[in-house]
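Atoms within each ligand, like the ligands themselves, are counted from 1 in listed order. Bear in mind the structure is a predicted one, so any value in this text is a computation, not a measurement. We number each residue from 1, following the sequence as shown.
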Amino acid sequence: MNEKLQQLFSERGPIKTIGVIGMGYVGIPAAALFADAPAFDQVYGFQRDSQSSGYKITMLNAGESPLKGEEPGLDSLIAKVVGEKKFTCTADFSKIAECDAVTLAIQTPFKDPKDLIPDFTPLIDGIRNVGRYLTPGTLVVLESTITPGTTMGMAREILEEESGLVAGEDFGLAHAPERVMVGRLLKNIREHDRIVGGINDVSTERACELYGPVLTKGQLIPMSATAAEVTKTAENTFRDLQIAAVNELALYCEAMGINVYDVRAGVDSLKGEGITRAILWPGAGVGGHCLTKDTYHLERGVSVVAAEPLDYPEGRESLFVLARGINDFMPAHMLKLTKDALARVGKDIRGAKIALLGWAFLNDSDDARNTPAEPFYQAAVAAGAEVRIHDPWVDPKTAPDVPEGAEITHDFDAVLSGADAVVIFAGHKEYRALVPAAVKARCGCSHPVLVDGRNVAEPDAWIAEGFVYKGIGRGDKNGHPLDG
Ligand code: SAJ
(Lines give C-alpha, C1' and ligand atoms only; values in the text may rest on other atoms or scores of the structure.)
Protein backbone atom coordinates (compact mmCIF):
# COMPACT_ATOMS: atom_id res chain seq x y z
CA MET A 1 0.00 0.00 0.00
CA ASN A 2 1.50 3.34 -1.05
CA GLU A 3 0.43 5.64 1.76
CA LYS A 4 1.71 8.80 0.08
CA LEU A 5 -0.46 8.29 -3.00
CA GLN A 6 -3.39 7.16 -0.86
CA GLN A 7 -2.99 10.40 1.09
CA LEU A 8 -2.89 12.50 -2.08
CA PHE A 9 -6.08 10.85 -3.40
CA SER A 10 -7.93 11.38 -0.11
CA GLU A 11 -6.83 15.04 0.02
CA ARG A 12 -8.06 15.49 -3.53
CA GLY A 13 -11.34 13.74 -2.74
CA PRO A 14 -13.58 11.90 -5.22
CA ILE A 15 -12.81 12.17 -8.96
CA LYS A 16 -14.81 15.11 -10.35
CA THR A 17 -12.99 16.40 -13.44
CA ILE A 18 -11.85 13.99 -16.16
CA GLY A 19 -9.75 14.44 -19.29
CA VAL A 20 -10.03 12.08 -22.27
CA ILE A 21 -7.23 12.28 -24.83
CA GLY A 22 -8.10 11.13 -28.37
CA MET A 23 -11.53 11.90 -29.84
CA GLY A 24 -12.02 8.70 -31.84
CA TYR A 25 -14.13 5.51 -31.74
CA VAL A 26 -12.99 4.86 -28.14
CA GLY A 27 -12.47 8.36 -26.68
CA ILE A 28 -15.73 10.00 -27.80
CA PRO A 29 -18.21 7.47 -26.33
CA ALA A 30 -16.03 7.14 -23.19
CA ALA A 31 -16.00 10.92 -22.64
CA ALA A 32 -19.75 11.20 -23.23
CA LEU A 33 -20.48 8.44 -20.69
CA PHE A 34 -18.17 9.98 -18.08
CA ALA A 35 -19.91 13.34 -18.62
CA ASP A 36 -23.34 11.73 -18.30
CA ALA A 37 -22.46 10.09 -14.97
CA PRO A 38 -23.86 12.09 -12.00
CA ALA A 39 -20.68 11.20 -10.05
CA PHE A 40 -18.59 13.47 -12.29
CA ASP A 41 -18.85 17.25 -12.82
CA GLN A 42 -16.76 18.07 -15.90
CA VAL A 43 -15.17 16.20 -18.81
CA TYR A 44 -12.66 17.60 -21.28
CA GLY A 45 -12.17 15.84 -24.60
CA PHE A 46 -8.65 16.63 -25.80
CA GLN A 47 -8.05 16.64 -29.54
CA ARG A 48 -5.14 18.08 -31.49
CA ASP A 49 -6.39 20.86 -33.79
CA SER A 50 -4.75 19.16 -36.78
CA GLN A 51 -5.69 19.45 -40.47
CA SER A 52 -7.05 15.90 -40.52
CA SER A 53 -9.01 15.86 -37.29
CA GLY A 54 -9.41 19.43 -35.99
CA TYR A 55 -12.99 19.44 -37.36
CA LYS A 56 -13.97 17.09 -34.56
CA ILE A 57 -13.53 19.88 -31.98
CA THR A 58 -16.09 22.13 -33.69
CA MET A 59 -18.55 19.29 -34.28
CA LEU A 60 -18.36 17.96 -30.71
CA ASN A 61 -18.75 21.42 -29.15
CA ALA A 62 -21.81 21.84 -31.35
CA GLY A 63 -23.16 18.65 -29.75
CA GLU A 64 -22.62 16.53 -32.87
CA SER A 65 -20.81 13.21 -33.27
CA PRO A 66 -18.04 13.20 -35.89
CA LEU A 67 -18.28 9.39 -36.06
CA LYS A 68 -20.16 8.20 -39.16
CA GLY A 69 -21.91 4.82 -39.18
CA GLU A 70 -24.83 3.96 -36.89
CA GLU A 71 -23.96 4.37 -33.20
CA PRO A 72 -27.20 3.88 -31.22
CA GLY A 73 -27.65 6.61 -28.57
CA LEU A 74 -24.38 8.42 -29.19
CA ASP A 75 -25.69 11.48 -31.06
CA SER A 76 -28.32 12.25 -28.43
CA LEU A 77 -25.93 11.63 -25.54
CA ILE A 78 -23.32 14.04 -26.97
CA ALA A 79 -26.01 16.67 -27.53
CA LYS A 80 -27.18 16.14 -23.93
CA VAL A 81 -23.82 16.44 -22.17
CA VAL A 82 -22.75 19.40 -24.32
CA GLY A 83 -26.10 21.05 -23.65
CA GLU A 84 -25.59 20.52 -19.92
CA LYS A 85 -22.06 22.03 -20.27
CA LYS A 86 -20.60 18.84 -18.69
CA PHE A 87 -18.51 18.07 -21.77
CA THR A 88 -16.17 20.34 -23.77
CA CYS A 89 -13.75 19.42 -26.52
CA THR A 90 -10.52 21.41 -26.63
CA ALA A 91 -7.01 21.47 -28.09
CA ASP A 92 -5.76 23.30 -24.98
CA PHE A 93 -3.85 20.55 -23.20
CA SER A 94 -2.98 22.84 -20.26
CA LYS A 95 -6.46 22.02 -18.94
CA ILE A 96 -5.06 18.62 -17.98
CA ALA A 97 -3.81 20.37 -14.83
CA GLU A 98 -7.47 20.71 -13.75
CA CYS A 99 -8.19 16.98 -14.12
CA ASP A 100 -8.39 14.40 -11.33
CA ALA A 101 -8.13 11.62 -13.89
CA VAL A 102 -6.88 11.51 -17.49
CA THR A 103 -7.46 8.64 -19.93
CA LEU A 104 -5.63 8.06 -23.23
CA ALA A 105 -7.47 6.39 -26.14
CA ILE A 106 -5.01 6.77 -29.01
CA GLN A 107 -4.34 4.41 -31.93
CA THR A 108 -1.35 2.04 -31.57
CA PRO A 109 -0.73 0.60 -35.05
CA PHE A 110 2.31 -1.39 -36.08
CA LYS A 111 4.89 0.13 -38.44
CA ASP A 112 5.81 -3.34 -39.77
CA PRO A 113 4.58 -6.55 -38.06
CA LYS A 114 7.59 -8.43 -39.40
CA ASP A 115 10.01 -6.72 -37.03
CA LEU A 116 7.35 -6.25 -34.34
CA ILE A 117 7.95 -2.47 -34.14
CA PRO A 118 4.80 -0.60 -33.10
CA ASP A 119 4.27 3.01 -34.12
CA PHE A 120 3.74 4.56 -30.68
CA THR A 121 4.36 8.11 -31.96
CA PRO A 122 0.76 9.36 -31.47
CA LEU A 123 0.55 7.63 -28.07
CA ILE A 124 3.90 9.06 -26.92
CA ASP A 125 2.75 12.56 -27.97
CA GLY A 126 -0.37 12.09 -25.88
CA ILE A 127 1.54 10.80 -22.85
CA ARG A 128 4.03 13.69 -23.11
CA ASN A 129 1.15 16.17 -23.12
CA VAL A 130 -0.23 14.55 -19.95
CA GLY A 131 3.20 14.60 -18.30
CA ARG A 132 3.67 18.31 -19.05
CA TYR A 133 0.55 19.32 -17.10
CA LEU A 134 0.39 16.48 -14.57
CA THR A 135 -0.23 17.47 -10.94
CA PRO A 136 0.28 15.32 -7.81
CA GLY A 137 -2.73 13.14 -6.98
CA THR A 138 -3.88 12.72 -10.60
CA LEU A 139 -4.73 9.29 -12.04
CA VAL A 140 -3.52 8.46 -15.57
CA VAL A 141 -5.11 5.55 -17.45
CA LEU A 142 -4.04 4.03 -20.77
CA GLU A 143 -7.08 2.65 -22.66
CA SER A 144 -5.27 2.01 -25.94
CA THR A 145 -4.26 -1.59 -26.67
CA ILE A 146 -0.53 -1.72 -25.95
CA THR A 147 2.39 -4.12 -25.83
CA PRO A 148 2.54 -5.81 -22.42
CA GLY A 149 5.08 -3.91 -20.28
CA THR A 150 4.26 -0.49 -21.77
CA THR A 151 2.42 0.92 -18.72
CA MET A 152 5.14 -0.06 -16.23
CA GLY A 153 7.82 0.80 -18.77
CA MET A 154 7.62 3.44 -21.50
CA ALA A 155 4.50 5.25 -20.23
CA ARG A 156 5.73 5.51 -16.62
CA GLU A 157 9.17 6.72 -17.79
CA ILE A 158 7.79 9.46 -20.05
CA LEU A 159 5.29 10.69 -17.43
CA GLU A 160 8.00 10.84 -14.76
CA GLU A 161 10.44 12.52 -17.16
CA GLU A 162 7.95 15.22 -18.20
CA SER A 163 6.39 15.83 -14.77
CA GLY A 164 9.29 15.22 -12.38
CA LEU A 165 6.81 13.20 -10.31
CA VAL A 166 7.02 9.51 -9.33
CA ALA A 167 4.44 7.03 -10.63
CA GLY A 168 2.62 5.12 -7.92
CA GLU A 169 3.67 7.70 -5.31
CA ASP A 170 2.82 11.17 -6.66
CA PHE A 171 0.30 10.06 -9.29
CA GLY A 172 -1.67 6.94 -10.10
CA LEU A 173 -1.10 4.96 -13.28
CA ALA A 174 -3.18 2.15 -14.73
CA HIS A 175 -4.21 0.28 -17.88
CA ALA A 176 -7.95 -0.24 -18.50
CA PRO A 177 -8.19 -1.52 -22.08
CA GLU A 178 -11.11 -0.57 -24.29
CA ARG A 179 -13.32 -3.43 -25.51
CA VAL A 180 -15.56 -1.63 -27.97
CA MET A 181 -16.85 -2.57 -31.39
CA VAL A 182 -18.15 -0.06 -33.91
CA GLY A 183 -21.92 -0.06 -34.08
CA ARG A 184 -22.32 -0.66 -30.33
CA LEU A 185 -19.78 1.62 -28.66
CA LEU A 186 -21.94 2.85 -25.73
CA LYS A 187 -23.43 -0.58 -25.08
CA ASN A 188 -19.97 -2.21 -24.98
CA ILE A 189 -18.57 0.34 -22.50
CA ARG A 190 -21.59 0.05 -20.23
CA GLU A 191 -22.10 -3.72 -20.41
CA HIS A 192 -18.70 -5.38 -20.91
CA ASP A 193 -16.73 -6.19 -17.76
CA ARG A 194 -13.91 -3.69 -17.32
CA ILE A 195 -10.36 -4.93 -16.84
CA VAL A 196 -8.58 -2.46 -14.54
CA GLY A 197 -4.84 -2.90 -13.94
CA GLY A 198 -2.87 -0.43 -11.81
CA ILE A 199 0.90 -0.29 -11.34
CA ASN A 200 0.02 -0.65 -7.65
CA ASP A 201 -3.11 -1.37 -5.60
CA VAL A 202 -3.83 2.31 -4.87
CA SER A 203 -3.82 3.07 -8.61
CA THR A 204 -6.10 0.08 -9.30
CA GLU A 205 -8.59 1.21 -6.64
CA ARG A 206 -8.65 4.78 -7.99
CA ALA A 207 -9.18 3.47 -11.52
CA CYS A 208 -12.11 1.35 -10.27
CA GLU A 209 -13.59 4.58 -8.84
CA LEU A 210 -13.30 6.09 -12.33
CA TYR A 211 -14.97 3.29 -14.31
CA GLY A 212 -17.52 2.09 -11.75
CA PRO A 213 -20.05 4.90 -12.45
CA VAL A 214 -20.26 4.22 -16.23
CA LEU A 215 -20.85 0.46 -15.94
CA THR A 216 -24.45 -0.81 -16.02
CA LYS A 217 -24.14 -4.62 -16.50
CA GLY A 218 -20.33 -4.81 -16.64
CA GLN A 219 -18.24 -5.75 -13.57
CA LEU A 220 -14.87 -4.31 -12.59
CA ILE A 221 -12.07 -6.89 -12.85
CA PRO A 222 -8.99 -5.59 -11.00
CA MET A 223 -5.52 -7.01 -11.71
CA SER A 224 -1.97 -5.78 -12.33
CA ALA A 225 -1.18 -3.43 -15.20
CA THR A 226 0.83 -6.06 -17.08
CA ALA A 227 -1.85 -8.73 -16.61
CA ALA A 228 -4.39 -6.26 -18.00
CA GLU A 229 -2.19 -5.64 -21.06
CA VAL A 230 -1.85 -9.39 -21.66
CA THR A 231 -5.59 -9.93 -21.14
CA LYS A 232 -6.47 -7.42 -23.83
CA THR A 233 -3.93 -8.50 -26.42
CA ALA A 234 -4.70 -12.18 -25.71
CA GLU A 235 -8.47 -11.85 -26.11
CA ASN A 236 -8.03 -10.39 -29.59
CA THR A 237 -5.30 -12.86 -30.45
CA PHE A 238 -7.57 -15.75 -29.42
CA ARG A 239 -10.41 -14.35 -31.56
CA ASP A 240 -8.05 -14.05 -34.51
CA LEU A 241 -6.90 -17.63 -33.88
CA GLN A 242 -10.49 -18.88 -33.79
CA ILE A 243 -11.20 -17.09 -37.08
CA ALA A 244 -8.03 -18.58 -38.61
CA ALA A 245 -9.14 -22.04 -37.51
CA VAL A 246 -12.51 -21.76 -39.26
CA ASN A 247 -10.89 -20.13 -42.32
CA GLU A 248 -8.53 -23.10 -42.58
CA LEU A 249 -11.51 -25.43 -42.19
CA ALA A 250 -13.27 -23.53 -44.99
CA LEU A 251 -10.26 -24.00 -47.29
CA TYR A 252 -10.30 -27.72 -46.45
CA CYS A 253 -14.05 -27.95 -47.17
CA GLU A 254 -13.55 -26.32 -50.56
CA ALA A 255 -10.85 -28.89 -51.34
CA MET A 256 -13.10 -31.73 -50.12
CA GLY A 257 -16.20 -30.49 -51.98
CA ILE A 258 -18.34 -29.97 -48.90
CA ASN A 259 -20.22 -27.06 -47.26
CA VAL A 260 -18.32 -25.53 -44.32
CA TYR A 261 -21.60 -24.16 -42.93
CA ASP A 262 -22.99 -27.69 -42.54
CA VAL A 263 -19.80 -28.62 -40.69
CA ARG A 264 -19.92 -25.44 -38.62
CA ALA A 265 -23.51 -26.12 -37.54
CA GLY A 266 -22.50 -29.67 -36.67
CA VAL A 267 -19.45 -28.66 -34.61
CA ASP A 268 -21.50 -25.92 -32.96
CA SER A 269 -24.17 -28.43 -31.92
CA LEU A 270 -21.96 -30.07 -29.29
CA LYS A 271 -23.19 -28.20 -26.21
CA GLY A 272 -23.80 -28.68 -22.50
CA GLU A 273 -21.63 -29.69 -19.47
CA GLY A 274 -19.51 -26.58 -19.91
CA ILE A 275 -18.67 -27.56 -23.46
CA THR A 276 -18.21 -24.44 -25.56
CA ARG A 277 -17.37 -24.90 -29.22
CA ALA A 278 -16.79 -21.25 -30.08
CA ILE A 279 -16.53 -21.86 -33.80
CA LEU A 280 -16.65 -18.50 -35.56
CA TRP A 281 -17.37 -17.54 -39.20
CA PRO A 282 -15.06 -18.03 -42.19
CA GLY A 283 -14.71 -15.16 -44.64
CA ALA A 284 -12.80 -12.94 -47.01
CA GLY A 285 -10.34 -11.83 -44.34
CA VAL A 286 -9.80 -10.02 -41.08
CA GLY A 287 -9.60 -6.24 -40.94
CA GLY A 288 -9.89 -3.49 -38.41
CA HIS A 289 -7.59 -1.80 -35.99
CA CYS A 290 -7.46 -4.59 -33.44
CA LEU A 291 -7.16 -8.21 -34.58
CA THR A 292 -4.72 -7.22 -37.31
CA LYS A 293 -2.14 -5.99 -34.79
CA ASP A 294 -2.82 -7.14 -31.25
CA THR A 295 -1.18 -10.51 -31.86
CA TYR A 296 2.04 -8.61 -32.56
CA HIS A 297 1.66 -6.61 -29.34
CA LEU A 298 1.37 -9.90 -27.45
CA GLU A 299 4.33 -11.41 -29.31
CA ARG A 300 6.43 -8.33 -28.58
CA GLY A 301 5.33 -8.40 -24.93
CA VAL A 302 7.14 -11.70 -24.40
CA SER A 303 10.46 -9.96 -25.09
CA VAL A 304 9.56 -6.68 -23.33
CA VAL A 305 8.36 -8.34 -20.08
CA ALA A 306 10.95 -11.11 -20.09
CA ALA A 307 10.71 -12.34 -16.47
CA GLU A 308 12.47 -15.51 -17.70
CA PRO A 309 13.46 -17.04 -21.08
CA LEU A 310 10.47 -18.40 -23.08
CA ASP A 311 10.40 -22.20 -23.30
CA TYR A 312 8.84 -22.99 -26.74
CA PRO A 313 9.20 -25.93 -29.20
CA GLU A 314 12.41 -25.56 -31.27
CA GLY A 315 11.86 -24.22 -34.80
CA ARG A 316 8.10 -23.92 -34.35
CA GLU A 317 6.48 -20.66 -35.47
CA SER A 318 4.23 -18.91 -32.99
CA LEU A 319 0.72 -20.35 -33.29
CA PHE A 320 -0.66 -16.82 -33.01
CA VAL A 321 1.51 -15.44 -35.84
CA LEU A 322 0.65 -18.47 -37.98
CA ALA A 323 -3.02 -17.63 -37.47
CA ARG A 324 -2.34 -14.07 -38.64
CA GLY A 325 -0.82 -15.53 -41.79
CA ILE A 326 -3.89 -17.65 -42.54
CA ASN A 327 -6.28 -14.72 -42.07
CA ASP A 328 -4.04 -12.45 -44.17
CA PHE A 329 -4.15 -15.14 -46.90
CA MET A 330 -7.94 -14.98 -47.38
CA PRO A 331 -7.99 -11.96 -49.75
CA ALA A 332 -5.50 -13.83 -51.99
CA HIS A 333 -7.81 -16.83 -51.86
CA MET A 334 -10.70 -14.57 -52.93
CA LEU A 335 -8.62 -13.60 -55.95
CA LYS A 336 -7.95 -17.24 -56.80
CA LEU A 337 -11.68 -17.98 -56.61
CA THR A 338 -12.30 -15.02 -58.94
CA LYS A 339 -9.69 -16.19 -61.45
CA ASP A 340 -10.98 -19.78 -61.37
CA ALA A 341 -14.57 -18.65 -61.91
CA LEU A 342 -13.64 -16.35 -64.82
CA ALA A 343 -11.68 -19.19 -66.39
CA ARG A 344 -14.83 -21.36 -66.27
CA VAL A 345 -16.36 -19.00 -68.85
CA GLY A 346 -13.15 -18.57 -70.82
CA LYS A 347 -12.27 -15.19 -69.34
CA ASP A 348 -8.92 -14.07 -67.95
CA ILE A 349 -8.36 -11.79 -64.98
CA ARG A 350 -6.30 -9.53 -67.28
CA GLY A 351 -8.78 -7.03 -68.68
CA ALA A 352 -11.66 -8.31 -66.56
CA LYS A 353 -14.03 -5.78 -64.97
CA ILE A 354 -14.55 -6.52 -61.27
CA ALA A 355 -17.24 -4.98 -59.07
CA LEU A 356 -15.86 -5.06 -55.51
CA LEU A 357 -18.74 -4.81 -53.05
CA GLY A 358 -17.84 -3.76 -49.47
CA TRP A 359 -14.81 -1.69 -48.44
CA ALA A 360 -15.62 -1.59 -44.71
CA PHE A 361 -14.03 -4.35 -42.61
CA LEU A 362 -17.30 -5.00 -40.74
CA ASN A 363 -20.91 -5.46 -41.83
CA ASP A 364 -23.20 -2.41 -41.77
CA SER A 365 -20.35 -0.13 -40.62
CA ASP A 366 -18.35 2.74 -42.12
CA ASP A 367 -15.11 1.54 -40.51
CA ALA A 368 -12.61 0.59 -43.22
CA ARG A 369 -9.40 0.49 -41.21
CA ASN A 370 -7.05 -2.25 -42.52
CA THR A 371 -9.83 -3.60 -44.72
CA PRO A 372 -9.11 -7.03 -46.26
CA ALA A 373 -10.58 -5.64 -49.50
CA GLU A 374 -7.44 -3.51 -49.97
CA PRO A 375 -4.91 -6.32 -50.60
CA PHE A 376 -7.46 -7.97 -52.91
CA TYR A 377 -7.84 -4.73 -54.85
CA GLN A 378 -4.08 -4.30 -55.18
CA ALA A 379 -3.52 -7.90 -56.34
CA ALA A 380 -6.41 -7.84 -58.84
CA VAL A 381 -5.20 -4.58 -60.38
CA ALA A 382 -1.66 -5.92 -60.51
CA ALA A 383 -3.06 -8.93 -62.38
CA GLY A 384 -4.51 -6.56 -64.98
CA ALA A 385 -8.13 -6.32 -63.84
CA GLU A 386 -10.20 -3.10 -63.69
CA VAL A 387 -11.69 -2.95 -60.19
CA ARG A 388 -14.53 -0.63 -59.19
CA ILE A 389 -15.36 -0.30 -55.49
CA HIS A 390 -18.86 0.11 -54.03
CA ASP A 391 -19.71 0.63 -50.35
CA PRO A 392 -22.88 2.44 -49.24
CA TRP A 393 -21.54 2.92 -45.70
CA VAL A 394 -18.05 4.25 -46.32
CA ASP A 395 -17.50 7.95 -46.96
CA PRO A 396 -15.21 8.16 -50.01
CA LYS A 397 -13.78 11.46 -48.72
CA THR A 398 -12.59 10.17 -45.32
CA ALA A 399 -12.03 6.44 -45.93
CA PRO A 400 -8.52 5.26 -44.89
CA ASP A 401 -6.21 3.02 -46.94
CA VAL A 402 -7.85 3.82 -50.33
CA PRO A 403 -5.18 2.82 -52.89
CA GLU A 404 -3.94 5.34 -55.39
CA GLY A 405 -6.16 5.43 -58.46
CA ALA A 406 -9.00 3.69 -56.60
CA GLU A 407 -12.36 5.31 -55.97
CA ILE A 408 -15.14 4.28 -53.62
CA THR A 409 -18.60 5.06 -54.93
CA HIS A 410 -22.20 4.83 -53.74
CA ASP A 411 -23.34 4.48 -57.36
CA PHE A 412 -24.25 0.78 -57.49
CA ASP A 413 -25.30 0.79 -61.17
CA ALA A 414 -22.00 2.32 -62.26
CA VAL A 415 -20.01 -0.32 -60.39
CA LEU A 416 -22.03 -3.24 -61.76
CA SER A 417 -22.33 -1.96 -65.33
CA GLY A 418 -20.45 -4.33 -67.65
CA ALA A 419 -18.88 -6.26 -64.76
CA ASP A 420 -17.46 -9.71 -65.48
CA ALA A 421 -17.27 -10.51 -61.79
CA VAL A 422 -19.02 -9.35 -58.61
CA VAL A 423 -16.89 -9.92 -55.51
CA ILE A 424 -18.41 -9.48 -52.04
CA PHE A 425 -16.07 -8.47 -49.20
CA ALA A 426 -18.50 -7.09 -46.58
CA GLY A 427 -21.82 -8.57 -45.45
CA HIS A 428 -23.73 -5.29 -45.57
CA LYS A 429 -27.54 -5.60 -45.42
CA GLU A 430 -27.73 -4.04 -48.89
CA TYR A 431 -25.77 -6.99 -50.29
CA ARG A 432 -27.87 -9.54 -48.41
CA ALA A 433 -30.88 -8.22 -50.31
CA LEU A 434 -29.36 -8.43 -53.80
CA VAL A 435 -31.60 -9.91 -56.53
CA PRO A 436 -29.60 -12.13 -58.94
CA ALA A 437 -31.63 -11.18 -62.03
CA ALA A 438 -31.25 -7.47 -61.35
CA VAL A 439 -27.49 -7.79 -60.82
CA LYS A 440 -27.12 -9.90 -63.96
CA ALA A 441 -29.04 -7.34 -66.02
CA ARG A 442 -26.56 -4.65 -65.05
CA CYS A 443 -23.53 -6.87 -65.67
CA GLY A 444 -24.94 -7.47 -69.12
CA CYS A 445 -23.34 -10.84 -69.82
CA SER A 446 -24.70 -14.40 -69.86
CA HIS A 447 -22.46 -15.82 -67.13
CA PRO A 448 -21.28 -13.15 -64.72
CA VAL A 449 -19.14 -14.39 -61.83
CA LEU A 450 -20.20 -14.05 -58.18
CA VAL A 451 -17.57 -14.57 -55.46
CA ASP A 452 -19.16 -14.49 -52.01
CA GLY A 453 -16.68 -13.75 -49.25
CA ARG A 454 -19.33 -13.32 -46.51
CA ASN A 455 -21.93 -16.00 -47.24
CA VAL A 456 -24.61 -13.39 -48.05
CA ALA A 457 -25.85 -15.06 -51.25
CA GLU A 458 -27.99 -18.21 -51.62
CA PRO A 459 -25.86 -20.12 -54.19
CA ASP A 460 -28.70 -21.93 -55.97
CA ALA A 461 -30.60 -18.70 -56.68
CA TRP A 462 -27.54 -17.16 -58.35
CA ILE A 463 -26.52 -20.33 -60.18
CA ALA A 464 -30.08 -20.65 -61.54
CA GLU A 465 -29.72 -17.12 -62.95
CA GLY A 466 -26.58 -18.19 -64.85
CA PHE A 467 -23.92 -16.89 -62.47
CA VAL A 468 -20.63 -18.72 -62.02
CA TYR A 469 -20.72 -19.02 -58.23
CA LYS A 470 -17.80 -19.31 -55.81
CA GLY A 471 -18.10 -18.99 -52.03
CA ILE A 472 -15.67 -19.26 -49.13
CA GLY A 473 -16.04 -22.77 -47.73
CA ARG A 474 -18.72 -23.76 -50.28
CA GLY A 475 -17.00 -26.81 -51.72
CA ASP A 476 -20.48 -28.21 -52.25
CA LYS A 477 -21.29 -25.47 -54.82
CA ASN A 478 -18.01 -24.08 -56.19
CA GLY A 479 -17.85 -26.71 -58.92
CA HIS A 480 -21.50 -26.41 -59.92
CA PRO A 481 -22.45 -27.33 -63.51
CA LEU A 482 -22.78 -24.40 -65.93
CA ASP A 483 -25.97 -24.30 -68.02
CA GLY A 484 -25.75 -23.36 -71.69
N1 SAJ B 1 -14.38 -11.78 -38.64
C2 SAJ B 1 -14.46 -13.00 -39.34
N3 SAJ B 1 -15.14 -14.03 -38.75
C4 SAJ B 1 -15.75 -13.89 -37.51
C5 SAJ B 1 -15.64 -12.64 -36.82
C6 SAJ B 1 -14.96 -11.61 -37.42
O7 SAJ B 1 -13.93 -13.16 -40.44
O8 SAJ B 1 -16.38 -14.85 -37.06
C9 SAJ B 1 -13.64 -10.67 -39.27
C10 SAJ B 1 -14.54 -9.44 -39.48
O11 SAJ B 1 -15.15 -9.51 -40.76
C12 SAJ B 1 -13.55 -8.29 -39.39
C13 SAJ B 1 -12.52 -8.81 -38.39
O14 SAJ B 1 -12.66 -10.22 -38.33
O15 SAJ B 1 -12.92 -8.06 -40.64
C16 SAJ B 1 -12.67 -8.23 -36.98
O17 SAJ B 1 -13.98 -8.38 -36.61
P18 SAJ B 1 -14.44 -8.24 -35.06
O19 SAJ B 1 -15.84 -8.69 -35.01
O20 SAJ B 1 -13.48 -8.91 -34.17
O21 SAJ B 1 -14.41 -6.66 -34.84
P22 SAJ B 1 -13.37 -5.72 -34.06
O23 SAJ B 1 -12.01 -5.98 -34.50
O24 SAJ B 1 -13.90 -4.35 -34.20
O25 SAJ B 1 -13.60 -6.11 -32.53
C26 SAJ B 1 -12.67 -6.82 -31.77
C27 SAJ B 1 -13.45 -7.42 -30.59
N28 SAJ B 1 -12.60 -8.31 -29.84
C29 SAJ B 1 -13.08 -9.45 -29.33
O30 SAJ B 1 -14.24 -9.80 -29.46
C31 SAJ B 1 -12.10 -10.30 -28.55
C32 SAJ B 1 -13.96 -6.29 -29.69
O33 SAJ B 1 -14.56 -6.81 -28.52
C34 SAJ B 1 -12.79 -5.38 -29.29
O35 SAJ B 1 -13.23 -4.31 -28.50
C36 SAJ B 1 -12.12 -4.85 -30.54
O37 SAJ B 1 -11.64 -5.93 -31.31
C38 SAJ B 1 -10.96 -3.94 -30.11
O39 SAJ B 1 -11.15 -2.71 -30.16
O40 SAJ B 1 -9.98 -4.46 -29.63
Exercise. For Ala39, which residues count as a side-chain contact (heavy atoms from CB on, under 4.5 Å) partner, sequence neighbours excluded?
Worked result: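 For Ala39, the residues satisfying side-chain contact (heavy atoms from CB on, under 4.5 Å) (neighbours in sequence not counted) are Pro213.
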
Exercise. If you look only at pairs with a residue in residues 102-126, which of them pass as a ring pair (Phe, Tyr, Trp, His ring centres under 6.0 Å), with sequence neighbours excluded?
Worked result: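 For residues 102-126: Phe110-Tyr296, Phe110-His297, Phe120-His297.
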
Donor-acceptor pairs are to be reported for all side-chain atoms of residues 252-263 against protein atoms at under 3.5 Å, with residues two or more places apart or in another chain.
unit_1 : atom_1 : unit_2 : atom_2 : d
Tyr252 : OH     : Glu248 : OE2    : 2.5
Glu254 : OE1    : His333 : NE2    : 2.7
Glu254 : OE2    : His333 : NE2    : 3.0
Glu254 : OE2    : Gly473 : N      : 2.8
Asn259 : OD1    : Tyr261 : N      : 2.8
Asn259 : OD1    : Arg474 : NE     : 3.2

Exercise. Do the side-chain N and O atoms of Asp294 and Thr237 include a donor-acceptor pair separated by under 3.5 angstrom?
Worked result: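 No, no side-chain donor-acceptor pair sits under 3.5 Å.
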
Problem set entry | Residue pair Asp119 / Thr121, side-chain donor-acceptor N/O under 3.5 Å |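 Asp119 vs Thr121: donor-acceptor pair found between side chains.
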
For this session: Report all protein residues having a heavy-atom distance below 4.0 Å to some atom of ligand 1; order the list by chain, then number.
Result: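 Glu178, Arg179, Val180, Met181, Lys232, Glu235, Asn236, Arg239, Ile243, Leu280, Trp281, Gly285, Val286, Gly287, Cys290, Leu291, Phe361, Leu362, Arg454.
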
Exercise. Within a strict 4.5 Å, meaning less than it, do heavy atoms of the Thr150 and Val304 side chains meet?
Worked result: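 The answer is no; the side chains never approach within 4.5 Å.
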
